[in-house]
Amino acid sequence: MSQQHSADPAPNSALATVADRRDWWRDAVIYQVYPRSFADSNGDGMGDLEGVRARLPYLRDLGVDAVWLSPFYASPQADAGYDVADYRAVDPMFGNLLDADALIRDAHGLGLRIIVDLVPNHSSDQHEWFRRALAEGPGSPSRERYHFRAGKGENGELPPNDWESIFGGPAWTRVTEPDGAPGEWYLHLFAPEQPDFDWTHPAVGDEFRSVLRFWLDMGVDGFRIDVAHGLVKAEGLPDLGSHEQLKLLGNDVMPFFDQDGVHEIYRQWRLVLDEYSGDRIFVAEAWTPTIERTANYVRPDELHQAFNFQYLSTHWDAQELRSCIDRTLDAMRPVGAPATWVLSNHDVTRHTTRFANPAGLGTQIRLAGDRALGLRRARAATLLMLALPGSAYLYQGEELGLPDVVDLPDEVRQDPAYFRGAGQDGFRDGCRVPIPWNREGSSYGFGSGGSWLPQPAGWGELSVEAQTGVAGSTLELYRSALAVRSERADLGAGDRVEWLTAPEGVLAFRRGAFTCTTNTRSEAVSVPAYGRVLLASGEVTVTDDGTARLSADTTVWWIAG
């Protein structure tokens, strides 16, 4: 027989509520919403919380367990909300606290949990604390909450050390003091509008424990911690002694990243979280040199999950994938934490476009590549990811097979890294273009007033409306995969896979009665038929002699019997 994909229908069951299942996060599928690009309720071209709230039934029907919201706090938006001016307020472009409360309540009513972003490494330069620090001048208590230092050189005209911003240029900006004279410098590992907190000051820790309680009291189910590896800096802020420091990231422990002192902060946070019922969680965005160091963040008394960026960066290669899977499971097992798997997010090129291009171009790419190839690989990669033990993260629009928008005119770009030039490539706007809901209409159903980044022509044919109910569509593949995963304990649970002998370029593993086979090659291969086909990302033909022919770049789920 020849099949595109199929799935057993899920049995009827009562809607689960958020309180029904403990340790839900160990095998949860969590969907990232980038609020400004998800749905616009008021026609101003910018997505908002009410837009997200209106689309919650779509996410429930998609089959995810939780929704992670990128920042919606009050912010000047110098870095799309990751520059927070008030951690207890909603930015007016997204709504207000009543909207946030309604969204959380509606999500819980639909059986969905809500995870919010928290940005503890830095604030906005418009935060009350930083504005006070500037106004009060050198030596003031307010300046102790940030990293203010005197400059080097005869007149303090040089930065205090040689650290470079992740967004390019020096990681220091000199201020003009209240008397008008050039003065001290402050540290910002990202944009100048994002001064870093000094976590050695007790007021910083007190403040963030209070912020945690504020949102926990609102009912959120967890926090994704932005730059979780960056809070603590090496004592004395020593020079790194090299230029082009971005090339060193991910290869070594830096004096401003992955310092051991961060772990005491998270032990204190865990005590706060454990005061609350409902199995609430922390998720770390922790870029570390190795998956083994990532595991330090999820020890039993610290955080619950950490993003697996090593997996996101792995090429479409069977040997590389297997190695990363094994290392991840081996690293997480001793600390008792689940593995996490992710292919796309708001900071990297969508995996449909990454896989459309040759390996080795990195995670920010401005080349469309072979889009048919990219989509085929992306669908196969998704089924592989969802078959692995642990928790999986989906980025909004990947269920539609959206590619990165690689041809945005320079004049519409808004990524701050783009304007700083010497830092990141600055092409994150391509994965942030608002998603299409309808075939036609203003912004393809995103909202009634256009969209803050222009959507490409033809976006409507990738929309939710265009793909719903269409056999073989990427959206229906995701829906089928998530339905199967939620009904079968073989998927998600546990911490091991049993690798099976397979041809070169093919991954095959068993988990109980379930088997997954992934062909990463550019041509079809023959493998044993491991039972009945549950789901397939591409064509698979099963013959009477028990052999299956997998088309190129295809994953198949099998069930014994």
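Quantities reported herein were computed from a predicted structural model and do not represent experimental measurements.
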Inset, instruction - Please round to the nearest 0.5 Å and tell me the distance separating atom CZ of Phe282 and atom CD1 of Ile115. - result: 11.5 Å
Legend entry - Taking every non-hydrogen atom, the tightest pair across Leu507 and Ala318: CD2-O, 3.3 Å
Inset, instruction - Using salt bridge (Lys or Arg N to Asp or Glu O under 4.0 Å) as the criterion, list what pairs up with Asp553, not counting sequence neighbours. - result: Arg376, Arg377
Legend entry - For Thr520 against Gly505, the heavy-atom pair lying closest together: OG1-O, 2.7 Å
Legend entry - Side chains of Trp459 and Leu402 in contact at under 4.5 Å (non-hydrogen atoms): yes
Legend entry - Nearest-0.5 Å distance, CG of residue Asp99 to CZ of residue Arg53: 7.5 Å
Legend entry - Counterpart residues, side chain to side chain donor-acceptor pair (under 3.5 Å), relative to Arg55 (two or more places apart): none
Inset, instruction - Taking atom CD of Glu440 as the centre, report whether more than 12 heavy atoms of other residues, nucleotides or ligands fall under 6.0 Å from it. - result: no
Legend entry - Test item: Val29 and Leu394 side chains (from C-beta on) under 4.5 Å apart, heavy atoms: yes
Inset, instruction - Using modelled atom types only, decide if a donor and an acceptor are shared between the side chain of Thr349 and the backbone of Ile365 within a distance under 3.5 Å. - result: yes
Inset, instruction - Output yes when a side-chain donor or acceptor of Thr555 lies under 3.5 Å from a complementary backbone atom of Thr518, and no otherwise. - result: no
Legend entry - Reported OG1-to-CG distance for the pair Thr363 and Asp347, which is rounded to 0.5 angstrom: 9.0 Å
Legend entry - Within-4.5 Å side-chain heavy-atom neighbours: Arg549 and Val540: no
Inset, instruction - Might you point out which heavy atoms bring Pro389 and Val497 nearest each other, and give the distance in Å? - result: CD-CG1, 3.6 Å
Inset, instruction - Starting at CG of Asp27, measure out to CG of Leu386 and round the result to the nearest 0.5 Å. - result: 11.5 Å
Inset, instruction - Please check if the side chain of Ser473 supplies one atom and the backbone of Val470 the other of a donor-acceptor pair under 3.5 Å. - result: yes
Inset, instruction - Verify, without hydrogens or angle tests, whether Gln32 (side chain) and Val67 (backbone) share a donor-acceptor contact under 3.5 angstrom. - result: no
Inset, instruction - Check for a donor-acceptor pair, side chain of Asp429 on one end and backbone N or O of Gln414 on the other, with a separation under 3.5 Å. - result: yes
Legend entry - Close side-chain approach of Leu383 and Leu535, heavy atoms under 4.5 Å: yes
Inset, instruction - Go through the structure and list residues passing side chain to side chain donor-acceptor pair (under 3.5 Å) with Tyr82, not counting sequence neighbours. - result: Asp117, His346
Inset, instruction - Please report the closest heavy-atom contact between Ala529 and Val542, naming both atoms and the distance. - result: CB-CG1, 4.0 Å
Legend entry - Exercise: do Trp558 and Thr517 side chains pair donor with acceptor under 3.5 Å: yes
Legend entry - Arg333 side chain vs Thr328 backbone, donor-acceptor pair below 3.5 Å: no
Inset, instruction - Quick one: sort the His304 and Trp25 rings into parallel, tilted or perpendicular, breaks at 30° and 60°. - result: perpendicular
Inset, instruction - Decide if atom CG of Asp544 counts as having more than 12 heavy atoms of other residues, nucleotides or ligands within a radius under 6.0 Å. - result: no
Inset, instruction - Keeping the roles fixed (side chain from Asp279, backbone from Asp23), state whether a donor-acceptor pair exists under 3.5 Å. - result: yes
Inset, instruction - Test Phe446 against Trp437 for ring pair (Phe, Tyr, Trp, His ring centres under 6.0 Å), laying out the working first. - result: CA-CA 6 Å; Phe446 167 69; Trp437 295 92; 9.0 Å; no
Inset, instruction - Decide yes or no for Ile281 and Leu303: does some side-chain heavy atom of the first lie under 4.5 Å from some side-chain heavy atom of the second? - result: no
Inset, instruction - Give me the ring orientation class for Tyr34 and Trp452: parallel if the planes are under 30° apart, tilted from 30 to 60°, perpendicular past 60°. - result: tilted
Inset, instruction - Output yes when a side-chain donor or acceptor of Thr353 lies under 3.5 Å from a complementary backbone atom of Asp404, and no otherwise. - result: yes
Legend entry - Set of salt bridge (Lys or Arg N to Asp or Glu O under 4.0 Å) partners for Arg485, sequence neighbours left out: none
Legend entry - Distance-only polar pair, side chains of Thr474 and Glu399, donor-acceptor under 3.5 Å: no
Legend entry - Non-hydrogen side-chain atoms of Asp221 and Leu112 separated by less than 4.5 Å: no
Legend entry - Electrostatic pair Arg521:Glu504 at N-O distance under 4.0 angstrom: no
Legend entry - Heavy-atom side-chain proximity of Ile435 to Tyr444 below 4.5 angstrom: no
Legend entry - Electrostatic pair Arg354-Asp370, nearest N-O below 4.0 angstrom: no
Legend entry - Side chain Thr554, main chain Ala552, donor-acceptor under 3.5 Å: yes
Inset, instruction - May I ask you to test the Asp495-Met332 pair for a side-chain heavy-atom distance under 4.5 Å? - result: no
Legend entry - Residues in ring-ring contact (aromatic ring centres under 6.0 Å, His included) contact with Phe307, at least two apart in sequence or another chain: Trp68, Phe309, Tyr393
Inset, instruction - Please work out whether the ring planes of Trp499 and Phe509 are parallel, tilted or perpendicular, with thresholds of 30° and 60°. - result: perpendicular
Legend entry - Asp48-Ser41 side chain donor-acceptor pair, cut-off 3.5 Å: yes
Inset, instruction - Indicate the atoms forming the closest heavy-atom contact of Gly469 with Arg479, along with that distance. - result: N-NH1, 4.5 Å
Inset, instruction - To the nearest 0.5 angstrom, please state how far the CG atom of Asn519 sits from the CD atom of Glu523. - result: 7.0 Å
Inset, instruction - Begin with the C-alpha distance, continue with both residues' side-chain angles, and end with the deciding distance and a verdict on salt bridge (charged side-chain N to carboxylate O under 4.0 Å, His left out) for Glu398 and Arg350. - result: CA-CA 8 Å; Glu398 73 170 75; Arg350 289 184 178 273; over 6 Å; no
Inset, instruction - Give a yes-or-no answer on whether the side chains of Tyr297 and Glu285 include a donor-acceptor pair shorter than 3.5 Å. - result: no
Inset, instruction - Test Arg113 against Asp65 for salt bridge (charged side-chain N to carboxylate O under 4.0 Å, His left out), laying out the working first. - result: CA-CA 7 Å; Arg113 292 173 170 83; Asp65 300 294; over 6 Å; no
Inset, instruction - Output yes when Arg511 and Glu498 qualify as a salt bridge under the 4.0 Å nitrogen-oxygen rule, no when they do not. - result: no
Inset, instruction - Can you run down the salt bridge (charged side-chain N to carboxylate O under 4.0 Å, His left out) pairs that involve residues 302-326, sequence neighbours left out, and say none if there aren't any? - result: Arg267-Glu302, Arg299-Glu302, Arg322-Asp326
Legend entry - Atom pair OG (Ser451) and CZ (Arg36), whose distance is rounded to the nearest 0.5 Å: 12.0 Å
Legend entry - Side-chain donor/acceptor of Gln455 to backbone N/O of Ser443, under 3.5 Å: yes
